[in-house]
Structures are given as structure tokens and as C-alpha cells.
Amino acid sequence: MIDSLPPGILLIVGGLLLPLLPGRWKSVWTLLLPLLSGLHLLWAFPEGTSLTFDLFGYHLTPVHVDNLSLVWGYIFHIAAFVCALYSLHAKDSTQYVSAVVYVGAAIGAIFAGDLITLFVYWELTAISSVFLIWARRTERSYRAGMRYLIIQVGSGVILLAGILFHLRDTGSLAFVEAFYLLLPATEAKFLGLNSPGTALIFLAFGIKAAFPLLHNWLQDAYPEATVTGTVYLSVFTTKLAVYALARGFPGTGILIGIGATMTIFPLFYAAIENDLRRAMTYILNNQLGFMVVGVGLANFARNPDVAQLALNGTAAHAFAHILYEGLIFMTLGAVLYRAGTIKGSELGALYKSMPWTATFCIVGAASISAFPLFCGFVTKSMVLSAAAKDHQTAVWLVLLFASVGVFLIAGIRIPFVAFFGRDCGKRVAEAPTNMLGAMGASAALCVIIGVWPGSLYALLPYPVHYEPYTTSHVITQLQLLAFTALAFATLKLTALYPVDQPSVNLDTDWFYRKPLPAAVSGLYRLGVLIRGAAAGFTRTVFDHVVAWIKQECGPYGPIGRSWSTGGMAIWAAMLLGAYLILYYLR
Amino acid sequence: MKSEKKYWLDGPRNVRRIVYALCLLCAVLLVTDLLYHKHPHFEFENRFGFFCWFSFIAGVCLVLGSRVMRKLLQREEDYYDR
């Protein structure tokens with residue numbers, strides 16, 4: 001019985017039952033559900049198992065567990081537990097239910113073996129997660145949530161269209177092509193970007209993975225969510241999209257360029273963004289770029305060794321990224337919860353009142369910046385190494401630039417602005433115990449993976465032949481970090497670094513938040529104008545016709561009026577005369 | 001009124017000490033470049049202190065670039081609410 005339930009379903013059903021539980025049990029239940037779901041995955045679905053059935057003549061595989069999906073399965077469960085611990089203080093059933101269902105849907109999608117199952121979970125993640133934004137219960141979050149929902153559901157609709165095209169072309173609904181990861185390189189099978197159908201599927205994945213120009217829903221919506229909602233959101237949706245790309249489109253060359261672009265341009269936004277959680281979503285976008293480059297480099301047909309390193313790097317980086325990105329969002333959420341704001345211009349020197357939160361933020365910052373002994377060091381370098389082994393000089397330089405940028409902004413600027421820098425005068429309480437516990441657990445995992453990379457490497461899809469702790473790697477990385485810090489110090493001391501001030505920065509959301517509504521309301525006004533003019537014209541013409549008829553056929557008109565007897569006699573005499581003349585002529 | 005606790009970082013001298021320590025660290029790491037055998041993927045990695053000057057220039061370029069971007073793209077906080 002238990003082994004015929006798909007992974008994630010316990011969370012979805014358990015989440016929906018949650019409102020029925022009395023007060024305190026709700027918190028216990030949210031904490032228990034990820035544990036139960038994790039045990040269910042471990043016991044019922046060892047690597048290599050799948051569930052299949054036929055429906056209306058289609059062969060469906062709702063569950064497929066292999067060495068790629070398991071990496072995501074493990075980290076999603078770990079993150080779900082940590083996030084649940086982090087949100088214990090919230091005591092908000094709406095958030096509990098939507099978070100648990102959202103996590104369940106994301107886990108279900110990871111293990112989906114066919115495209116229809118993927119589509120169902122894909123849409124469920126969109127619909128369940130929007131409540132984490134709406135739960136902030138402000139007009140602003142309502143609007144942001146609406147925009148988020150439209151784009152997310154739109155991605156699902158494009159996915160469905162792609163699936164239908166693909167089904168018509170190939171007759172197959174398979175997302176996971178028979179354990180391709182275990183096959184020799186030449187026999188590896190995956191969707192690939194080779195038809196209109198797969199192009200639409202690629203686009204749908206690209207929207208959720210926040211490709212350049214498709215990215216702005218991320219920075220628009222995530223910072224508007226609740227304190228805990230942003231932490232949940234930062235973990236699941238985008239990493240699900242990275243998994244889907246790794247599963248469906250490894251080695252697709254265009255991904256290298258897309259990913260490299262993603263690592264660069266969000267950095268410039270993050271450097272000047274005043275809302276620190278929004279600045280972190282730009283950094284999140286940049287980190288996704290590293291993973292997307294990894295997927296693009298995983299070309300099994302061209303170079304299987306590089307492909308394995310690249311895909312291992314993507315999986316490892318996604319795993320570590322979920323831990324440290326979540327950790328930084330948790331610390332910023334704690335600041336928002338206690339200080340009531342997350343704007344850089346209103347914060348500073350919070351280390352005095354929140355020393356533990358500040359410490360955990362520094363651990364997260366050290367991890368994202370790839371300090372030796374922290375998890376980023378042993379994962380991000382795999383993607384860079386794959387780019388180097390593939391002789392992609394330009395891409396490697398771009399990724400190196402992005403590494404500098406990440407340290408400068410996520411590693412230095414964000415902790416500096418929130419916890420150090422100018423004293424904002426705010427004296428607040430330290431974060432609640434449950435938040436500290438969640439942050440502590442994430443921080444511990446970041447260090448454990450950094451110190452014992454083998455513990456993570458053992459989970460990766462391919463055997464790992466990569467050694468992160470070489471003299472050369474440690475020294476060059478330390479040089480990179482020290483000189484980036486020197487650049488920051490120089491810019492700060494010379495006052496060249498832009499001062500934080502209340503502001504917003506225009507991004508692609510501008511197009512659908514300013515010109516598009518303006519165009520729609522302009523079109524409406526034009527319509528009203530045309531309708532008015534047309535109605536006026538018709539009325540004028542009608543009035544003229546009526547007036548003419550009235551004039552001609554009315555009681556005094558030449559046709560309508562009653563004639564005198566004399567007039568009648570003259571007309572009759574004239575008719576008879578005319579008749580006489582005609583008769584005579586004939 | 002109770003005077004607030006003084007923190008180590010509150011002293012401007014201590015902040016200056018951190019900056020000096022950072023400069024010293026950078027100098028040491030630059031010298032270290034000469035002391036080990038490199039296994040570079042690319043030829044240009046062999047240049048003296050490649051990672052040092054690349055990082056410094058990249059960091060400065062990023063911030064100066066974002067200053068330009070700020071001029072072009074920054075708006076009032078209530079821009080979208082108006």
C-alpha cells in the first residue's frame with residue numbers, strides 16, 4: 001500500500017488535513033510531515049524504482065526514482081524540514097497549508113516520470129505557492145501575487161501546449177527515458193531542443209528557471225511574500241526548473257550562453273537594490289545561472305567526462321545553494337520580523353542586538369562566496385572546472401567575474417548593510433528560538449559539506465573524480481576573495497560605492513506594470529471616444545432624416561397636409577386635360 | 001539614562017585596523033603567487049597575480065557599472081503606486 005503512494009503525496013494530503021487539527025498540533029504536524037515523507041521516500045522508493053499505469057491508452061509513469069532525482073529529493077526534504085522549523089512561530093494556517101502542499105507538489109514533480117504528471121505538479125506548485133505571497137495580506141502583496149500567478153500558470157499552459165505538440169510528433173509522453181543516466185553516452189536519451197513541442201517545453205522550463213528577460217517575476221514576487229514565505233519560495237520553484245532542465249535538456253548549447261548571461265546582469269541590480277530580500281533574489285537568479293551553465297555543458301555525445309562533471313556540478317551546486325541561499329533568506333527574514341523593515345537605508349549595526357542571526361548570515365555569506373571550508377567552495381568550482389575542461393574561455397571568465405560579484409554583494413554588501421555599517425539606532429530582540437534553530441541547522445550543514453565534501457559527492461548522479469582542496473584552488477580562491485574585499489573597502493572609503501536610498505529599480509516588469517496598463521487604458525479611452533463619435537454621428541443623421549420626413553410628410557408638409565377642394569378640382573381638371581391631349585395625339 | 005555598551009567595532013581606529021589587516025593579507029597572498037607550482041587550464045592564469053588583479057578590477061567595474069545603471073533605472077520608491 002505505502003509503496004504505491006507517490007513521494008510528496010503525504011505532504012499534499014497531510015497539508016490539506018492540517019486545518020482540522022487543533023492549535024498546537026498544527027505546528028507539530030508541519031514539522032512531522034517532511035520527516036514522514038522523507039522516510040516514505042527512503043523506504044518505499046530505493047534508486048531505480050518506478051510506478052507505471054495506463055490511462056486512456058497513454059502510458060504514464062507517475063513515479064521514477066533514479067540517481068538524479070534523488071539528489072533533489074533529499075535536499076527538498078531537508079529544506080522542507082528546516083523551513084517548517086523556521087516558520088513554527090507564525091501560527092498561520094494559510095501559510096502552513098500552502099507551504100506543505102507546495103513542497104509536496106515540488107517533490108512530486110521531481111519524481112515525475114512522464115510529462116503529464118510533471119504538468120500537474122508544475123501547476124500545483126504555482127497555485128499553492130501564491131498563498132505564501134498573499135498571506136502577507138497587503139494590497140501590494142495581493143497585486144504581486146496576481147502577477148506571479150499569471151506568469152506561473154502561463155508557464156504551465158505553455159508546458160501543456162509543448163507536451164501536446166511533442167505527443168503528436170513522437171507519440172511519447174515520457175519525461176524520463178529509461179534511466180538514461182546509467183546508459184553509455186551514445187545511448188543517452190532525453191527530450192532535447194529539436195522540435196516546436198520541445199521548444200515550448202524548454203520555454204516553460206525557462207520561465208520557471210528565470211532566464212534573462214523571463215526572470216522578473218522572481219524579483220517582483222518573492223520579496224513581497226511573508227517572512228517565512230520567501231524562504232520557502234527561494235528553495236523550491238526555481239530549483240525544480242533547474243532539475244527539469246537537467247533532466248530534459250542536458251548539453252543543449254544555448255543554455256551555456258543563457259546561464260552565463262544570468263550570472264552577470266542580476267549582479268548590477270543586486271548592487272544597488274535597497275530591499276535586501278529583493279537584492280538576494282537577484283543573487284538567487286545569478287546562482288541559477290551557474291547551474292544552467294552546468295546543464296548546458298553536460299553534452300554526453302561530445303565529451304562524456306566533462307558532461308558528468310558538469311551535471312554533478314549542477315546537482316551539487318543546487319544542493320548547496322538551497323542550504324546557503326535559504327540560510328541568508330532566513331537571516332534577512334528574521335531581521336524583517338524583528339526590525340519591521342528590510343530596507344538597506346533603514347538598517348545597520350544589527351549585530352549588536354541580533355548577534356546569532358548576524359553570525360549565521362556570515363556563514364551563509366561565506367558559503368555563497370565559496371570560502372574554503374564552506375559548501376560553495378566544493379560545489380561551484382565543479383561547474384567552473386567543467387567550463388575550463390571544455391575550453392570555454394569566455395564562459396569561464398564570465399563565471400569568474402560572477403564569483404567576484406557574488407562575494408562583493410551577497411558576501412559583503414548584504415551582511416554589511418544589515419548587520420554592520422552605519423548604526424541605524426534600532427535595538428531589537430534576537431530572532432525567536434525556532435528561527436535560530438533552523439538557521440543553525442542550515443549553517444551546520446553548510447560547514448559539514450565544506451569540510452567533508454565526500455558526504456555530498458556520494459549522493460551525486462555520477463562517480464566524482466574531483467578534488468576541491470588542491471593548493472592551487474585554495475590559494476587562487478583566497479586571492480579572489482581578499483582582493484574583492486579590498487575592492488569593496490577601497491570603494492567604500494572613497495565613497496564611490498552607491499549609498500543605500502529608498503528607491504525602486506526598473507526591470508522587465510516595468511513593461512507590464514507601466515506601458516501595458518497604460519496601453520490598455522489608452523485603448524479603452526480610444527474605444528469610448530470612437531463609440532461616442534459613432535453614436536453622435538448616427539444620431540445626427542437620424543435626426544436629419546426624421547426632420548426631413550416630418551417636413552415633407554408631416555401635417556404641414558407638401559405630401560402629408562390636407563388639400564383644399566379647389567386645389568383638388570384644379571388637379572383633377574389638369575389630369576383630365578392631359579388625358580384628353582394624349583388621347584387626341586394617339 | 002543608561003549609557004549603551006561600547007562595541008569593539010564602534011571605534012574608528014579598530015575599523016582602520018581591519019582595513020590594514022586586509023591590505024596585509026592581500027600583500028601576503030600576492031607574494032604567495034610566486035611560491036607554488038600552478039596547474040592552470042588557461043595560459044593567462046600563469047600571469048603574476050592573475051586572480052588578484054582580475055578580482056580587484058572586476059569588483060570595481062561591477063560597482064562603477066551599477067552606478068551608471070542607477071542613474072538610468074532608479075526611480076522614487078512609490079513609482080509603481082502612483
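Below, chain A is the first sequence line, B the second, and so on; all start at residue 1. These numbers come from a predicted model, not from an experiment. Heavy atoms only: backbone and side chains are in, while hydrogens, waters and symmetry mates are out.
Each of Arg75(B), His37(B), His41(B) has some count of heavy-atom pairs under 4.5 Å with chain A, and the biggest count is that of Arg75(B). If you tally non-hydrogen atom pairs under 4.5 Å between each of Thr484(A), Ile409(A), Asn274(A), Leu486(A) and chain B, the highest count goes to Leu486(A). Here Asp33(B) is the residue among Asp33(B), Leu25(B), Leu64(B) with the most heavy-atom pairs under 4.5 Å with chain A. Heavy-atom pairs under 4.5 Å with chain B were tallied for Leu496(A), Asp507(A), Leu481(A); the largest tally goes to Leu496(A). Of the residues considered (Leu29(B), Leu73(B), Val28(B)), Leu73(B) shows the highest number of contacts with chain A, using heavy-atom pairs under 4.5 Å.
Using non-hydrogen atoms only and a strict 4.5 Å limit, the part of residues 6-18 of chain B facing chain A consists of Tyr7(B), Leu9(B), Asp10(B). Of all residues in residues 262-270 of chain A, those placing a non-hydrogen atom less than 4.5 angstrom from a non-hydrogen atom of chain B are Leu267(A), Phe268(A), Tyr269(A).
Looking at Phe488(A), there are no atoms closer than 4.5 Å to chain B (heavy atoms on both sides), in backbone or side chain. Using a 4.5 Å cut-off between heavy atoms, Gln501(A) contacts chain B through both its backbone and its side chain. Looking at Asp78(B), there are no atoms closer than 4.5 Å to chain A (heavy atoms on both sides), in backbone or side chain. With a 4.5 angstrom heavy-atom cutoff, Val406(A) does not touch chain B via any of its atoms. Heavy atoms of Arg140(A) lying under 4.5 Å from chain B belong exclusively to its side chain. Using a 4.5 Å cut-off between heavy atoms, Tyr79(B) contacts chain A through both its backbone and its side chain. Heavy-atom distances place both the backbone and the side chain of Phe56(B) under 4.5 Å from chain A. The contact between Glu76(B) and chain A is made entirely by backbone atoms, counting heavy-atom distances below 4.5 Å. Residue contact with chain B, scored on non-hydrogen atoms closer than 4.5 Å, is absent for Ser403(A). Using a 4.5 Å cut-off between heavy atoms, Arg427(A) touches chain B through its side chain atoms alone. Only the side chain of Val19(B) has a heavy atom closer than 4.5 Å to any heavy atom of chain A. The parts of Ala388(A) that come within reach of chain B are both its backbone and its side chain, each placing non-hydrogen atoms under 4.5 angstrom from that chain. In this structure, chain B has a heavy atom under 4.5 Å from the side chain of Leu491(A), while its backbone stays farther away.
Counted within 6.0 Å of CZ on Arg422(A), heavy atoms from surrounding residues, nucleotides or ligands total more than 12; the atom is thus considered enclosed. Counting heavy-atom neighbours within 6.0 Å of Glu467(A) CD, excluding the residue itself, gives a total above 12. For Phe44(B), the CZ atom is densely surrounded, since the number of other residues' heavy atoms within 6.0 Å is greater than 12.
With contacts defined as side-chain heavy-atom distances shorter than 4.5 Å, the pair Phe54(B)/Leu397(A) qualifies. For the pair Thr470(A)/Tyr36(B), no side-chain contact is recorded, criterion being any heavy-atom separation below 4.5 Å from C-beta on. Between Leu478(A) and Phe51(B), every side-chain heavy-atom pair lies at or beyond the 4.5 Å cut-off. Within the 4.5 Å cutoff, the side chain of Leu30(B) has no heavy atoms near those of the Gln479(A) side chain. Two residues are said to be in side-chain contact when any heavy atoms from C-beta on lie closer than 4.5 Å; Leu408(A) and Leu62(B) meet this criterion. A 4.5 Å side-chain heavy-atom check between Ser503(A) and Glu77(B) finds every atom pair outside the cut-off.
The two atoms that bring Glu45(B) and Trp396(A) nearest to each other are CD-CH2, 3.8 Å, heavy atoms only. For the residue pair Ala482(A) and Leu22(B), the shortest heavy atom distance occurs at O-CD1, 3.9 Å. For the residue pair Val63(B) and Pro498(A), the shortest heavy atom distance occurs at CG1-CD, 3.8 Å. Shortest non-hydrogen contact noted between Val404(A) and Ala58(B) is CG1-CB, 4.0 Å.
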For side-chain contact (heavy atoms from CB on, under 4.5 Å), just list the numbers for Tyr80(B) and Asp509(A), CA-CA rounded to whole Å, side-chain angles, deciding distance to a tenth of an Å, and then say yes or no.
CA-CA 10 Å; Tyr80(B) 284 118; Asp509(A) 61 340; 3.6 Å; yes
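Checked against the 6.0 Å centroid threshold, Trp53(B) and Phe483(A) do not count as a close aromatic pair.
With rounding to the nearest 0.5 Å, the separation of NZ in Lys38(B) from OG1 in Thr471(A) is 13.0 Å. The structure places OG of Ser66(B) at 6.0 Å from OH of Tyr497(A), a figure rounded to the nearest 0.5 Å.
No donor-acceptor pair closer than 3.5 Å links the side chain of Arg70(B) to the backbone N or O of Ile272(A). Side chain of Gln74(B) to backbone of Asn505(A): no donor-acceptor contact under 3.5 angstrom is found. For Lys5(B) (side chain) and Lys352(A) (main-chain N/O), no donor-acceptor pair under 3.5 Å exists by modelled atom type.
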